[in-house]
Amino acid sequence: MLDMIRSDSSQVVNESIPQIYTKATEMRQIYRKIDKLEAFVKMIGNSVAGLEERVTKAETDLGAFPSTFKKILHTISMPSFLNKSSSSRQQQTLYEPPVLFKTEDYFPCLNEAPY
């Protein structure tokens, strides 16, 4: 029985521990990739939040009136005093496109052709 225990112990030391060490090394690489992916997801979340704020501001500034109602109202003739736009709408700021990330910067393998 003592020989069996020694045999099992030597097998663990000679075979299992190196395998565990190799897997642990592989797992560290996977953990680094997960950390990078979490940072990427956070960056995307911040970007989306910023875009949502801009859309909300644009809707507030320009009005978010459904287009079907606009079409209906344009077909109806209105007195000229109702057609005048408010001065705040006439002073619209110029559109500045947001700075967006490029997926290729984070996933360079996507630049390659799929086939």
Side-chain angles (χ1 to χ4, degrees):
M1 185 154 177
L2 189 57
D3 287 338
M4 195 167 98
I5 292 172
R6 285 183 187 151
S7 172
D8 288 345
S9 295
S10 67
Q11 180 183 6
V12 166
V13 170
N14 293 332
E15 294 176 17
S16 298
I17 290 181
Q19 290 174 351
I20 291 171
Y21 181 78
T22 302
K23 289 294 179 185
T25 304
E26 291 173 11
M27 292 302 294
R28 280 189 218 106
Q29 292 173 354
I30 291 172
Y31 294 151
R32 275 188 236 114
K33 288 180 181 180
I34 289 171
D35 290 342
K36 287 180 181 179
L37 187 59
E38 285 176 344
F40 179 72
V41 169
K42 184 177 180 181
M43 189 259 317
I44 297 299
N46 291 337
S47 178
V48 168
L51 290 174
E52 285 178 347
E53 287 177 19
R54 289 183 69 160
V55 167
T56 302
K57 184 181 182 310
E59 286 176 343
T60 302
D61 292 348
L62 302 174
F65 207 64
S67 62
T68 53
F69 291 121
K70 282 184 182 179
K71 289 177 185 175
I72 292 171
L73 291 177
H74 283 294
T75 59
I76 300 171
S77 61
M78 292 187 197
S80 63
F81 69 90
L82 291 176
N83 285 336
K84 292 183 181 178
S85 299
S86 66
S87 62
S88 65
R89 284 210 176 165
Q90 290 176 354
Q91 299 174 356
Q92 294 176 359
T93 59
L94 293 175
Y95 173 73
E96 295 178 25
V99 177
L100 299 176
F101 67 94
K102 291 185 178 181
T103 307
E104 295 84 20
D105 293 343
Y106 297 92
F107 299 98
C109 62
L110 295 178
N111 289 332
E112 300 169 2
Y115 297 101

Less than 3.5 Å apart, which donor and acceptor atoms pair up between the side chains of residues 9-18 and the rest of the protein, not counting sequence neighbours?
| residue | atom | partner | partner atom | Å |
| --- | --- | --- | --- | --- |
| S9 | OG | I5 | O | 3.0 |
| S10 | OG | R6 | O | 3.3 |
| S10 | OG | S7 | O | 2.9 |
| N14 | ND2 | S10 | O | 3.1 |

Handout entry: Path from V48 to V55 over hydrophobic side-chain contacts below 4.5 Å
Key = no
Donor-acceptor contacts, no H, no angles, side chain residues 24-45, under 3.5 Å, sequence neighbours left out:
| residue | atom | partner | partner atom | Å |
| --- | --- | --- | --- | --- |
| T25 | OG1 | Y21 | O | 3.0 |

Problem - Partners passing side-chain contact (heavy atoms from CB on, under 4.5 Å) against P98 (at least two apart in sequence or in another chain) - result: L51, R54, Y95, L100
Exercise for the section: Check each of D105, V99, T103 against F101 using the side chain to side chain contact (heavy atoms under 4.5 Å, CB included) test, and report the only one that passes. Expected result: T103
